[in-house]
Amino acid sequence: MSAPGDRLEPGGGAGLIRGPHHVDPPCRHFPLCGGCQLQHVDDASLSDFVRDRVAGALAGQGISANIIHPAHISPPQSRRRASLRAARLGKNLNLGFASEGSHRIVDMQMCSVLHPALFAMVAPVRTLLHPMVGDRRAVHVRMTLTDQGVDLMLEGIEVEGLAATESLTEFAQRHKLARLTIDDGYGPQTRWEPDPVTVSFDGVAVPFPAFAFLQATADGEAALVAAVQTALAPAKRIADLFSGLGTFGLSLGNGKAVYTAEAARDLVLALKTAANRSGRQMAVDHRDLFRRPLMPAELDRFDAILLDPPRAGAREQALQLAQAQVPVIAYVSCNPGSFARDAKLLIESGYTLESVQPVGQFRWTTHVELAAIFRR
């Protein structure tokens, strides 16, 4: 694997002469483990890669931003959510990330990206699952670091009988889990939850459905919030579209009137509960913005719009925003390609792309996020 500045050996040799940006990977599982693709490049090259992914996507649509800031990269061992796989290989049980483009599971003995609290659960979960996973059967292990600790969900296992049930309870108690959930194919079933599991935004605790969406790192979440905070600060009325659990609506909406729209019912109920308890001036709407986007007349009631759509982007909503007169739009994206497509619609309607902040929450991967500001 090459890095910027590497050279091939002279005379047609197949060897690689390392350049100044080629570094030794910190993890012994690299490059077989599919959790990382770029551990062999230094921080400067990684930052350039993240920024160039955003700039390249915009250039592909013929767009230039006034400012593309240097990329913000989350530090090692900061990932607070992970989805691992477990499968039996002979007498052994492998637990870890799958190799890229393969079903091969690299048995995780170390990890340079997971938060230490999550990695500390890998060995105990491997031991727990060993008698439960049969041949040719894959199990998904999903972990999230919440306010109360590690929220663990096991998908694809069956727990039958009193002894198996008691072993799960004892495991959850011994490892001080926030919650233990089992999904045997018929939906999540909570087996242990001594206190209601929550995640907090700006001091507001929000009930957390099992393995619901959460920004990958607290550091990356803070960077995205900071990137849009100044632009939205003067606004008194904000619409938070594709709001999820209220990451941005709660973090930015204290003292403001906030409308949120989200299609996932469990997230809507969680956010509504948190908003009511906190006394925030927040209206929570269960609304599918792909099928029923806010129309221009609805959008123009707000001083600013924030949207954080899934990877497919927000084309239907962007078409309506292009016809609206909202002075400020903050667009948070996890896909530079779909973002650039939507940005083109907004720019062609008269918006200016003022700034873009690239963010690399998934350190050492090709996954890139960003926060952008548009002004009418």
Side-chain angles (χ1 to χ4, degrees), residues 1-9 13-54 56 70-90 92-126 129 138-145 150 215-220 223 334-336 358-369:
M1 302 181 74
S2 62
D6 288 354
R7 295 178 294 118
L8 291 175
E9 288 182 346
L16 192 69
I17 301 174
R18 289 190 174 190
H21 300 290
H22 200 131
V23 298
D24 292 328
C27 180
R28 74 189 196 196
H29 296 308
F30 181 83
L32 288 179
C33 176
C36 299
Q37 297 86 43
L38 300 171
Q39 283 196 5
H40 63 295
V41 303
D42 64 6
D43 285 355
S45 296
L46 181 61
S47 180
D48 287 346
F49 171 84
V50 172
R51 187 180 186 278
D52 290 347
R53 277 287 309 276
V54 175
H72 177 96
I73 308 295
S74 289
Q77 297 182 318
S78 61
R79 188 90 60 83
R80 62 179 174 181
R81 62 192 302 266
S83 181
L84 308 178
R85 294 180 64 197
R88 183 176 293 281
L89 186 64
N92 297 323
L93 183 79
N94 286 1
L95 172 61
F97 293 110
S99 296
E100 193 170 11
S102 167
H103 294 294
R104 175 182 178 180
I105 298 172
V106 178
D107 195 38
M108 183 182 288
Q109 301 299 321
M110 67 174 294
C111 186
S112 299
V113 294
L114 290 187
H115 190 284
L118 296 188
F119 179 72
M121 291 304 305
V122 171
V125 170
R126 186 187 292 113
L129 292 178
V139 171
H140 290 276
V141 177
R142 310 195 191 278
M143 299 187 290
T144 307
L145 190 57
V150 177
Q215 295 292 340
T217 69
D219 168 86
C334 60
N335 184 346
V359 175
Q361 287 195 78
F362 293 83
R363 187 183 181 90
W364 293 313
T365 77
T366 58
H367 187 83
V368 173
E369 295 177 299

What heavy-atom pair brings [X] and [Y] nearest, and what distance separates the two atoms?
X    : Y    : answer
V54  : P358 : CG2-CB, 3.9 Å
R18  : D24  : NH1-OD1, 2.7 Å
S102 : R104 : OG-N, 2.9 Å
V41  : P4   : CG1-CD, 4.2 Å
A87  : I105 : CB-CD1, 3.6 Å

Non-neighbouring partners of D43 that pass salt bridge (charged side-chain N to carboxylate O under 4.0 Å, His left out), sequence neighbours left out: R363
All side-chain contact (heavy atoms from CB on, under 4.5 Å) counterparts of I17, not counting sequence neighbours: R7, E9, P10
Residues in side chain to side chain donor-acceptor pair (under 3.5 Å) contact with S83, at least two apart in sequence or another chain: R142
For H367, side chain to side chain donor-acceptor pair (under 3.5 Å) partners two or more places apart: R311
Passing candidate, side-chain contact (heavy atoms from CB on, under 4.5 Å) with L46, options V23, T365, L38: L38
Step-by-step side-chain contact (heavy atoms from CB on, under 4.5 Å) determination, L84 to F97: CA-CA 5 Å; L84 308 178; F97 293 110; 3.6 Å; yes
Flag for S45-D48: side-chain donor and acceptor within less than 3.5 Å: no
Would you give me the side-chain donor-acceptor pairs under 3.5 Å for residues 108-122, sequence neighbours excluded?
from	atom 1	to	atom 2	distance (Å)
Q109	NE2	D107	OD2	2.8
H115	ND1	A117	N	3.0

To the nearest 0.5 Å, what is the distance between [atom1] ([X]) and [atom2] ([Y])?
X    : Y    : atom1 : atom2 : value
L145 : S78  : CG    : OG    : 11.0 Å
T144 : R80  : OG1   : CZ    : 9.0 Å
D219 : S74  : CG    : OG    : 4.0 Å
R88  : L93  : CZ    : CG    : 6.0 Å
R79  : Q77  : CZ    : CD    : 12.0 Å
I73  : Q361 : CD1   : CD    : 10.5 Å

Residues, nucleotides or ligands: over 12 heavy atoms within 6.0 Å of E100 CD: no
Of all pairs that satisfy ring pair (Phe, Tyr, Trp, His ring centres under 6.0 Å), the ones with a partner from residues 16-36, not counting sequence neighbours: H22-H40, F30-H40
